[in-house]
Amino acid sequence: MRKSTGFAIKSFFFLSYHTSSCILPIPSSSLLHEFTQFCYQRNLPRAMEAMDAMHKHGIWADSITYSELIKCCWARGAVEQGKRVHKHLFSSGHQPKTFLINVLMSMYVKFNMLDDARALFDQMPERNFVSWTTMISAYANAKLNDKALEFLISMLREGVKPNMFTYSSVLRACDGLANLRQLHANIIKSGLDSDIYVRSALIDIYSKWDQSENALRVFNEMATEDLVVWNSIIAGFAQNSDGDEALNLFKRMKRARFLADQATLTSVLRACTGLALLELGRQVHVHVFKYDQDLILNNALLDMYCKCGSLEDANTVFTRMMVKDVISWSTMIAGLAQNGYSREALRLFESMKASGTKPNHITILGVLFACSHAGLLEAGWYYFRSMKKLFGVDPGREHYSCMIDLLGRAGKLNDAVELINEIECGPDAVTWRTLLGACRVHRNVDLAIYAAKQILRLYPQDAGTYILLSNIYANTQRWDDVTQIRRTMNDMGIRKEPGCSWVEVNKQIHAFILGDNSHPQLDEINKQLNQLIHKLKGVGYVPDTNFVLQDLEGEEQREHSLQYHSEKLALVFGLMSLPKEQTIRIRKNLRICGDCHLFAKLVAKMEHRIIVIRDPIRYHHFRDGVCSCGDYW
DNA sequence: AGACCGCGAC
């Protein structure tokens, strides 16, 4: 319907030209003049009508005017009109200038019509560096890395010199270190490494390849400082889970009198998230108000509050967000589930569907995790088996691992093993670790040993798994095997990472490391810890020495070694330093041991405190003598 | 023709 109306108007318009030209021929220059005016006024409908009229008269305008029209098409997403301009430009054997074809190509790229852009590129009699760069950046943006690199090589082969635009694009498509080194060398040779876009692209890609040192080197060579280049290096460290360094650089940036923008704040929040720095995160939140409805920044804020264990704050942010996307919902769903609010997570998933946002594979993962956490076996199976049909997401390894966790919790180890055999692309270390966790809780020694061996086959340097395996052997009196593990670890130079816990008090981070006596209040902490243990034993606390490495003789000594676990020190320090109503939040580098878990539960009950301990895998909210993890981890 | 920022199971 709409189409025919448009046609009527168009014909009418043309008719008016036609009739008037019968009486008084309109010189082509006046048609051109009108067309040009409409193009520069960005009046797309009138410009298109004028173009059609010109087409009938076989009149062509100049390239600059057409490029204005094309830009107008892409700014409005007018695909059909754009195609009509394309057709007009090539009609009657006309050959537009290279410049104009480049503009047309960019238009198709903006419309995500890469094949059309490519077809134009292939037909071009002459290609300049813009033509090449347009295609390379299009492929890089579409993550068609091979194509982008292939085009760069052809470009060089044809003797066309890449410029800073080319390199900043192609760097994003670089998917190997060897390629990257080669490119970097070329960039330096051509002197383009001083371009700030190229520099930030270099920092970005080195960071993505986990080459922080090289990223920092490129950063430090910067002569004129630039906010985006600062943002790139801060983001690089924040993403490589080196939050400390990211925050240091942020401080340096502020000293250099740069004002943080959305991108800076997002990365700083990510650093806070990784380090579980709730108070610092809250300070950043104050600066975020300036960018009230910035989606990316709000999502980062949401994640920070979830990962720092403050669901109240996360909820406030979530409610205030006017626009939410799949990431906002997924963050909140996973955050709720991880902090022990599985049913709320599943309810939120229903709201998400009602809101019309399409869940992706990460959303589903959060949903399955929520089911696993709440022990909802049937719901878990339902979502798992119907995810493809309901949401168009094929179950990946990660979804299988979640189901294995769910089955493991329910004690259905055989079903878990069966499910592992079902995984199309085969199990990975996470799969086996999940099974190992289940074996540990349900004390299935043989299966645990099997799972641990699978992990070590994939990661022969994994200290944690050796320790676990050695403990399993020790607990079943297989001393020869214990000795064998020790020897392997020695031979391979594998050391147990010392346990470390961090607690935030008055915006200061206090670190407690096993075997490190540098904390100024350590004597007082130990005194209070002894008193607390004594008090707890009075109400039936029995230290669980199952988790102690077996090189210690005698129960008393083994108990003693438990006492110095870093989370106990951090917890006691939190009790000493924080007001009673304030939650004690601790982050750990290693997974919490059974004894510390029991200890935290009892302390929470006896001292009427809320304690949150985040280990690398799970969140533990202790309140009233129970933990949100349901004692499964 | 261009850069930096947000969600995932153990």
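The chains referred to below are lettered A, B, ... by the order of the sequence lines, with proteins before strands, and numbering in each begins at 1. All values derive from a computational prediction rather than experimental measurement.
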Check every strand shown and say whether [X] touches a base, only sugar-phosphate, or nothing at a heavy-atom separation below 4.0 Å.
X	result
A/Ser267	sugar-phosphate
A/Phe129	base
A/Thr266	base
A/Leu295	base
A/Asp294	nothing
A/His399	nothing
A/Ala201	nothing
A/Asn163	base
A/Lys307	sugar-phosphate
A/Thr434	sugar-phosphate
A/Arg199	nothing

Given [options], which nucleotide is nearest the side-chain atoms of [X]?
X	options	value
A/Asp226	B/dA3, B/dC10, B/dC5	B/dA3
A/Ala235	B/dG6, B/dC5, B/dG2	B/dC5
A/Asp195	B/dA1, B/dG2, B/dC5	B/dG2
A/Ser232	B/dA3, B/dC4, B/dG8	B/dC4
A/Leu365	B/dC4, B/dG6, B/dG8	B/dG8

State plainly whether the residues A/Arg433 and A/Asp462 are in salt-bridge range, i.e. N to O under 4.0 Å.
-> yes

Describe, in one word, how the ring planes of A/Tyr341 and A/His621 are oriented to each other, choosing from parallel (under 30°), tilted (30 to 60°) and perpendicular (over 60°).
-> perpendicular

Geometric class of the A/His442/A/Tyr632 ring pair [parallel <30°, tilted 30-60°, perpendicular >60°] | tilted

Will you find, in the side chains of A/Asn141 and A/Arg172, an N or O donor that is under 3.5 Å from an N or O acceptor?
-> yes

Would A/His285 and A/Tyr305 count as having a side-chain donor-acceptor pair, cut-off 3.5 Å?
-> yes

Spacing of [X] atom [atom1] relative to [N] atom [atom2], expressed in whole Å:
X	N	atom1	atom2	answer
A/Ile233	B/dC5	CD1	P	12 Å
A/Phe121	B/dA1	CZ	C1'	13 Å
A/Met253	B/dC4	CE	C1'	11 Å
A/Tyr139	B/dG2	OH	P	17 Å
A/Asn360	B/dC7	CG	C1'	8 Å
A/Tyr197	B/dG2	OH	C1'	6 Å
A/Met222	B/dC4	CE	P	16 Å
A/Phe219	B/dC4	CZ	C1'	12 Å

Base B/dA1 to side chain A/Thr133, donor-acceptor N/O within 3.5 Å cut-off | no

Give a yes/no on whether any side-chain N or O of [X] is located under 4.0 angstrom from OP1 or OP2 of [N].
X	N	value
A/Arg433	B/dA9	no
A/Gln239	B/dC5	yes
A/Arg618	B/dC10	yes

Looking at residues 327-348 of chain A, who's got a heavy atom less than 4.0 Å off DNA chain B?
-> A/Ile327, A/Ser330, A/Thr331, A/Gln338

Mind listing the residues from residues 102-109 of chain A sitting with a heavy atom below 4.0 Å of DNA chain B? Number order is fine.
-> A/Ser106

Exercise: identify the closest heavy-atom pair between [X] and [Y]:
X	Y	answer
A/Phe318	A/Trp329	CZ-CE3, 3.6 Å
A/Leu277	A/Cys308	N-SG, 3.9 Å
A/Lys358	A/Phe391	NZ-O, 3.9 Å
A/His597	A/Cys629	NE2-SG, 3.3 Å

Does A/Arg127 count as lying over the ring of A/Phe121, i.e. NZ or CZ under 6.0 Å from the six-ring centre, within 45 degrees of the axis?
-> yes

For A/Ser355 and A/Met352, indicate whether the former's side chain and the latter's backbone hold a donor-acceptor pair under 3.5 Å.
-> yes

Using the benzene-type ring in the case of Trp, are the ring centres of A/His86 and A/Tyr108 under 6.0 Å apart?
-> yes

